[in-house]
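Notes follow the structure.
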Amino acid sequence: MSERKRFYLTTAIDYPNSRPHIGTAFEKIGADVQARYRRMEGYDVFFLMGNDENTVKVARRATELGLATKAYCDEMAQQFQDVWRALDISYDYFIQTSDPRHHEGCRKFMQLVYDRGYIYAGTYRGWYCEGCESFKTETEIKEAGGVCPVHRTPPVERSEPCYYFALSRFQPALLDYYERHPDFIQPEPRRNEVISLVQSGLQDVNITRIGQDWGIRVPFDERFTIYVWFDALLNYITGIGYGWDEERFREWWPADIHFIGKDITRFHCALWPAMLLAAGLPLPRRVFAHGWVYIKNEQTGAVEKISKSLGNVVEPMEIITKFSSEAFRYYFMRECPFPGDGEFSWSRFAEVYNADLANNLGNLYSRVITLILRHFEGHLAGSRAWEPGEIYEEQDLEATVQQVQGYIENCEYQLALQRIWQYILDPANRYADRKEPWKLVKQDLEAAARVLFDLVESLRVTAILLKPFLPRTAERIYRSFNFSRDWQQVRCEDCYVYPRPVDDLRCLVRPGPDGKLAPLFPRIEIR
RNA sequence: GGCGGCGUAGCUCAGUGGUCAGAGCAGCGGCUUCAUAAGCCGUGGGUCGGUGGUUCGAAUCCACCCGCCGCUACCA
């Protein structure tokens, strides 16, 4: 047996000062689709997520609530994971950067980079806000009109000892890497931004803070803690064993994709690779920067940034409990292009849900199964010898499936879903209307059975292609029949290389007490 | 300020020199009733942001203008 292909993917780690919102969830769902797709296609997958806990803000928030910082972090980590589990995010490990193993990995890494001569002592001079107990950037202060944007007080110029990471020395190496790996930064606009940024010149960055209790101690100078980005980025290697299980680390590194928000592209595409180069480690293969989810205000029609102060925060749990995690996942993957920005509104949500999930997919499922149960008692006799018939004769199913796969691999999820509806489900509904099996059944039972067999075939293909997107619905559709291939073993190729059945096709579901089949997606009645 | 992107039917967008400018959703009309009042068929005259130019011919290339947006070093 040849060694199985590995696939290591990560999402950004989140600040736990507030609960995750739908924008955060968007990223995790997009990553989850990729993880599920790769597993389905035979990869050994490791999917890392986590929280970014070593910041002053987190320590301050804990103090406000009268909690020990670590206890607060653990509590928030639970809350985050509750949401991720409710959304069926299939992560393999959830890292907390307050974990001692992460601390050890960071210290080891920093010592290594220090020993290799890329970290040096210096002085940091900047604008300090007493209220925030932190430095503010020039632009932050300029935008606020010369004061701290939070406290509205003028900052004081302050200097303190620190350690710098020699980022500037990596400019040529970074540009060379971008040149030789055109797919490293995606999508394209982000790549161009990073290249122009790096071309414009890099400054060394201060990677330490002095006099803080919460955080990771600098190994070669215990007065200091490691400053956020240097620490946070390292989760991608400490999460798979760096510093505590070297064998495991070597098994998974480098990452195949880092999924991040577009706002933190530069850290992942410039600082992070430079850090790895400084440590002599391989660089990740791909960084994918997704877009933002905005809220469309139903009254004004205005598109707003998600913000607490605007009061427009939509809780993921609200969508999940009102509808389902499947509907949540579908809306964001279909309606918000992953590489670009998208919008959320309840009315749009209802529209998309009804049109695609209830009326199209769900209704097809219901009408096909009902006919098979009513006229064939759920058993299409003799069908074990049949081949899928003319339902796809007007298209090349293999080409369609491969197109969908290509879109998924490029993280163009909205295009993948669009294809599935346009090339599989819509033709199936049209085929049903053209053949009218509900009439045929009165004249030619076998002909009707053949039509229904083909319609089931389109449901089988749909279930397989939707497996990464709607894991529960896909499984429910698939397990409604006695297909020969086990659901766990199913892969995209099975769509067009028809797995030989050992038995006639049978429906395994039955109507409820009301005589009706339980709908996949009950319609949302508007008003 | 600099660099880059965008502005196409009510909504979301595809279309980058050449048949009458397209798709999905919504809307409207019809057919149908197996199905979740679902489905199918038909229906889109929208200054392709504006002006000027290149060309036999531009939504598609160039210039300028208007409007929106991104990046310009530590916010998902």
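First the proteins, then the strands, lettered A, B, ... as listed; each starts at 1.
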Specify the residue among A:H375 and A:E343 whose closest nucleotide of RNA chain B lies further upstream toward the 5′ end.
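Between the two, 5'-proximity favours A:E343.
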May I ask you to verify if any side-chain N or O of [X] is less than 4.0 angstrom from the OP1 or OP2 atom of [N]?
X: A:R434; N: B:rC40; value: no
X: A:K262; N: B:rG70; value: no
X: A:R334; N: B:rG24; value: no
X: A:R374; N: B:rA35; value: yes

For [X] and [N], give me the distance from atom [atom1] to atom [atom2], rounded to whole Å.
X: A:L197; N: B:rC74; atom1: CG; atom2: C1'; answer: 12 Å
X: A:N429; N: B:rU32; atom1: CG; atom2: C1'; answer: 14 Å
X: A:Y294; N: B:rC68; atom1: OH; atom2: C1'; answer: 12 Å
X: A:I264; N: B:rC74; atom1: CD1; atom2: P; answer: 14 Å
X: A:K305; N: B:rC68; atom1: NZ; atom2: P; answer: 17 Å
X: A:Y124; N: B:rA73; atom1: OH; atom2: P; answer: 12 Å
X: A:L417; N: B:rC13; atom1: CG; atom2: P; answer: 17 Å
X: A:D231; N: B:rC74; atom1: CG; atom2: C1'; answer: 13 Å

Looking across every strand, which nucleic acid part, if any, lies under 4.0 Å from [X] by heavy atom: base, sugar-phosphate, or nothing?
X: A:W292; value: base
X: A:L202; value: base
X: A:G261; value: nothing
X: A:F521; value: base
X: A:L364; value: nothing
X: A:Y365; value: nothing
X: A:H21; value: base

Apply the ring pair (Phe, Tyr, Trp, His ring centres under 6.0 Å) test between A:F349 and each candidate in A:F323, A:F332, A:F328, A:Y330; give the one that qualifies.
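So the option named by the test is A:F323.
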Could you point out which residue of A:Y353, A:Y413, A:F344 forms a ring pair (Phe, Tyr, Trp, His ring centres under 6.0 Å) with A:Y331?
A:F344
Dot-bracket line, read 5' to 3' along RNA chain B, where crossing pairs take [ ] and | marks a partner on another strand, Watson-Crick or G-U under 3.5 Å:
((((((((.[[[[.)..(...]]]].(((((.......))))).....[[[[[..)....]]]]])))))))....
Between B:rC74 and A:W229, is there a base-stacking contact, meaning the centre of the base's six-membered ring lies under 5.5 Å from the residue's ring centre while the planes stay under 30° apart?
no
Taking the basic N atoms (NZ, or NE/NH1/NH2) and the acidic carboxylate oxygens, is any pair closer than 4.0 Å for [X] and [Y]?
X: A:D32; Y: A:R329; value: yes
X: A:E343; Y: A:R348; value: no
X: A:R450; Y: A:D444; value: no
X: A:E64; Y: A:R60; value: no

Step through the shown structure and confirm whether more than 12 heavy atoms of other residues, nucleotides or ligands are within 6.0 Å of CZ on A:R19.
no
Examine the side chains of A:N360 and A:N429 and answer whether a donor and an acceptor come within less than 3.5 Å of each other.
yes
